[in-house]
Structures are given as C-alpha cells and as structure tokens.
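A short write-up of the structure that comes next.
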Amino acid sequence: MSSPDNGTVVSVMDVGGTHVTAASVDIETRSLRSRRSFREPLDGDGSAEEILSTLVRCAAHLPARRPTRWAVALPGPFDYERGIGRYEGVGKFDALRGFDLRAALTAALPDASRISFCNDADAFVLGEWWAGAARGHRSVVGITLGTGVGSCFLRDGRILRNGPGVPPEGRLHALRYAERPLEETVSRRALRRTYAQATGEAPPDVREMAQRARHGDRAATRVFTETFSALGRVLGPLLAAFEPTVLVVGGGMAGAWDLMAGPLRAGIADTDPVGTASIVVTAARHPAEAPLLGAAYLATAPVATTETLGSRRPAP
C-alpha cells in the first residue's frame, strides 16, 4: 500500500504571464497541504531558460517527496498532451514556442515521476466544481477575467468542447462582440483603453480603476457597467442553451465583483430573462487556489475528463 505522500498528494504549479504559484494538493481533503502556496514573479517575455529557471525555483519551495507527481496549469496555446508550447503573437511566452517543457521539467525537478499539463481556465473551473463555489452542481460554466477571457463548460465533471451553448472548443475568447473580438471589449487592456478614451487621462490599472469607481468616479463606474453588461449579453444565449445551474467567475478582475456582478447579471437577463432566471451567478470561492486544485484533480481523475459532442456521458 502506498504512503499518503505518494498516493494522495500532487505537486502543482499554476503558471501565469507575470507569476507562478506552487503548492502541494491533498487529494483526500481537496485542499492545499498545510494551506500554503508559494509564489514567484515570472517574466512572460523572458527566454525559455529564464522561464524554466523561475518554475524550478518556485517548485523548490515545496517539501521533497519521492516519487513526485506534478501537474502544471498554464494558458494556451499549448500542446497539453505533449507538453510543448505553441505560443506565437499572444503577448507572452513566445520563447516557449516549440519548447518541450515536459522534458525540461522532468530533467530539472528532482524525482519527478510524472508531469501532466492542463489549461489554466479548465483547471480553475474544475477546482471550483471539485472544492469550491460550484461543488454539488452537475452543469457548470466558469470564466476567468484578466489579460483575456478564459472559459470552461462542465457537465458531470467533464469538460465539453462543443454542443448546445458551447463556443468553439469551449473558448469564449473566440467569440465576437460589436463586430470585434470579445477581448477587445472584455479584458484588462480593453477596460484601460475605454477609460482613457472617456477621460483623456493615462489609464490606471483595473484595481485602481475599481477604487475610483467605489469613490464616485463616474467614468470608472460607466466602464465597469458597460463592459460587464456587454459580457452578460454575450453569455446569455450560451447559458440559455447550455442550461448550467451555476456560473462561476474568477481571474484578476473578479476582485471588482461588487462592481461587475450587477451589470453582468443584468446583461445575462436582458437576452433571455426566463431561460437564465434560475442560474446562480457567483464569484469563485477559491480564486487563487482553484487552478491548483483543479490541476491536481485532472492529474488524478480515474476517467477521461474531456467530452465532445457525441461522446458518451455518465449515467445520471
């Protein structure tokens, strides 16, 4: 019989464009071991060697275990099966294009027995379904809002890539709004640009913009209202078709939930007030931990977690 460390603990990293976070996830308790995680700043524009060095340095904070199973969540485009970057012209990780990250990490991490990779938005939503705000829900949509829009559509714990209400490959960022890519309206850069156009001022970051809105800045308030009403109008028809019982929102911009929740809910209701009325719209319960938890879940799931139209679903 394997020891608890070997059998129920997964070492996990969540890699973003500006930082990487590492933790040990206890599968049995669905939580971070010792409730601790470790974070290192990361330069998404750095060389492959610099990015690898940062990941290894962050991983070194975790207690040594033998053998060590690793799960790594990171944004696409990435070949998650092979562990090879496919980044090009996305504003980060260009140095990882064609880089075999699995081979490099296997060589650099002591006693790494297995390394799996997954999309960070998928990991976030699965983490909230497994141990957070969507726990107990069979049909879930989750979105992450930050430098872009991430999304994942779940039914019975399986990721759906197509079907009624599911955008191409399950990726909301592929959709358009007002004849432009959605991320030209909903993203950190889009909010800042809209604020600058409205005020003629150098735009603050989203966190500062939120503070200004809370203190009565009408331009900032209008940016949040218009942006997230628009997002709601994009989501509404998808939610009505997919019929989730909960929509979970995370990502860096979800820190302004008090400013975005009302417009988001109103935008959704505008498109289909009957079909979306029963959907719970909520912020993530574990916004920072969910990608770590979800990556660990994906690494240990006993059955395939991705489903396409026509695939057999588990019996209710």
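Worth knowing before you read on, the calculation uses all heavy atoms, side chains too, and leaves out hydrogens, waters and symmetry mates.
A donor-acceptor distance shorter than 3.5 angstrom exists from the side chain of His286 to the backbone of Ala131, with no hydrogens or angles considered. Counting only distance, with no hydrogens or angles, the side chain of Thr199 and the backbone of Glu201 share a donor-acceptor pair below 3.5 Å. Proximity of a side-chain donor or acceptor of Arg86 to a complementary backbone N or O of Pro77 within less than 3.5 Å is not detected. Here the side chain of Asp156 pairs no donor or acceptor atom with the backbone of Arg158 at under 3.5 angstrom. Side-chain atoms of Trp70 do not come within 3.5 Å of backbone N or O of Ala112 as any donor-acceptor pair. Between the side chain of Glu40 and the backbone N or O of His19, no donor-acceptor pair lies under 3.5 Å. For the pair Arg69 (side chain) and Ile115 (backbone), a donor-acceptor distance under 3.5 Å is absent. Although no hydrogens or angles enter the test, the distance criterion places a donor-acceptor pair under 3.5 Å between the side chain of Arg171 and the main chain of Ser151. The main-chain N or O of Trp130 is found under 3.5 Å from a side-chain atom of Arg30 such that the two form a donor-acceptor pair. Remark: the backbone N or O of Ala133 is paired with a side-chain donor or acceptor of Glu128 at under 3.5 angstrom.
Here CG of Leu74 is found 8.0 Å from CG of Leu96. Values are rounded to the nearest 0.5 Å. In this structure, CG in Leu293 is found 8.5 Å from CD1 in Ile27, a value given to the nearest 0.5 Å. The CG atom of Asn119 lies 10.5 Å from the CG atom of Leu126; values are rounded to the nearest 0.5 Å. In this structure, OG in Ser53 is found 8.5 Å from CG in Leu55, a value given to the nearest 0.5 Å. Between atom CG of residue Leu292 and atom OG of residue Ser31 there is a gap of 12.0 Å, rounded to the nearest 0.5 Å. In this structure, Leu175 CG and Glu183 CD are separated by 10.5 Å, a value rounded to the nearest 0.5 Å.
Annotation: Arg218, atom CZ; neighbour count of heavy atoms from other residues, nucleotides and ligands within 6.0 Å does not exceed 12. More than 12 heavy atoms of other shown residues, nucleotides or ligands fall within 6.0 angstrom of atom CZ in Arg180.
Nearest heavy atoms, Thr194 versus Val223: CG2-CG2, 4.0 Å. Across Ser11 and Thr68, no two heavy atoms sit closer than the pair OG-CG2, 3.3 Å. When all heavy atoms of Pro291 and Ala73 are compared, the pair lying nearest together is O-CB, 4.3 Å. Ala213 approaches Leu259 most closely through the heavy-atom pair CB-CD1, 3.9 Å. Taking both residues in full, the closest heavy atoms of Leu105 and Leu52 are given as CD2-CD1, 3.6 Å, listed atom of the first, atom of the second, then distance. The two residues Leu172 and Leu182 make their nearest non-hydrogen contact at O-CD2, 3.7 Å.
Side chains of Leu145 and Met260 form a contact here, defined as non-hydrogen atoms less than 4.5 Å apart. Looking at heavy atoms from C-beta onward, Ile51 lies out of side-chain contact with Asp43 at the 4.5 angstrom threshold. Within the 4.5 Å cutoff, the side chain of Phe153 has no heavy atoms near those of the Arg161 side chain. Side-chain contact between Thr21 and Met13 is absent, with no heavy atoms from C-beta onward closer than 4.5 Å. For the pair Leu235/Ile143, a side-chain contact is recorded, criterion being any heavy-atom separation below 4.5 Å from C-beta on. Proximity of Arg192 to Asp205: side-chain heavy atoms (C-beta onward) are separated by under 4.5 Å at one or more points. Residues Val25 and Leu32 are in side-chain contact: their nearest non-hydrogen atoms beyond the backbone lie under 4.5 Å apart. Inter-residue side-chain proximity for Val166 and Pro164 is flagged as unmet; no heavy-atom pair is nearer than 4.5 Å.
Under the 30°/60° scheme for interplanar angles, the aromatic rings of Tyr87 and Phe78 are found to be tilted.
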Run Arg189 and Glu184 through salt bridge (Lys or Arg N to Asp or Glu O under 4.0 Å) and show every step you take.
CA-CA 8 Å; Arg189 67 181 180 278; Glu184 290 300 311; 3.7 Å; yes

Report the C-alpha distance between Glu28 and Arg33 in whole Å, list the side-chain angles of each, state the deciding distance to 0.1 Å, and finish with yes or no for salt bridge (Lys or Arg N to Asp or Glu O under 4.0 Å).
CA-CA 10 Å; Glu28 290 187 349; Arg33 182 162 262 204; over 6 Å; no

Taking it one step at a time, do Arg102 and Phe117 satisfy side chain to side chain contact (heavy atoms under 4.5 Å, CB included)?
CA-CA 8 Å; Arg102 172 177 283 122; Phe117 296 88; 3.5 Å; yes

Let's go through Asp100 and Arg82 carefully: what are the C-alpha distance in whole Å and the side-chain angles of both, what is the deciding distance for salt bridge (Lys or Arg N to Asp or Glu O under 4.0 Å) to 0.1 Å, and is it a yes or a no?
CA-CA 8 Å; Asp100 191 334; Arg82 298 174 62 195; over 6 Å; no

Cys152/Leu154 under side chain to side chain contact (heavy atoms under 4.5 Å, CB included): CA gap, chis, key distance, verdict
CA-CA 6 Å; Cys152 179; Leu154 289 183; 3.9 Å; yes

Stepwise side chain to side chain contact (heavy atoms under 4.5 Å, CB included) test for Thr54 and Val20:
CA-CA 8 Å; Thr54 300; Val20 56; 3.9 Å; yes

Would Asp14 and Phe124 count as a side chain to side chain contact (heavy atoms under 4.5 Å, CB included) here? Give the steps.
CA-CA 10 Å; Asp14 177 25; Phe124 161 76; over 6 Å; no

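No continuous path of ILVMFWY side-chain contacts below 4.5 Å connects Ile84 to Phe99, so the two sit in separate hydrophobic clusters. The hydrophobic clustering, which links ILVMFWY residues whose side-chain heavy atoms are closer than 4.5 Å, places Val141 and Trp257 together.
A donor atom on one side chain and an acceptor atom on the other are found under 3.5 Å apart for Arg212 and Tyr195. Counted by atom type alone, Tyr80 and Asp122 present zero donor-acceptor pairs between their side chains at under 3.5 Å.
Tested against Gln211, the residues Glu208, Arg214, Arg207 include a single side-chain hydrogen bond (donor to acceptor under 3.5 Å, both in side chains) partner, Arg214.
A cation-pi geometry, defined here as NZ or CZ lying under 6.0 Å from the six-membered ring centre and within 45° of its normal, does not hold between Arg265 and Phe228.
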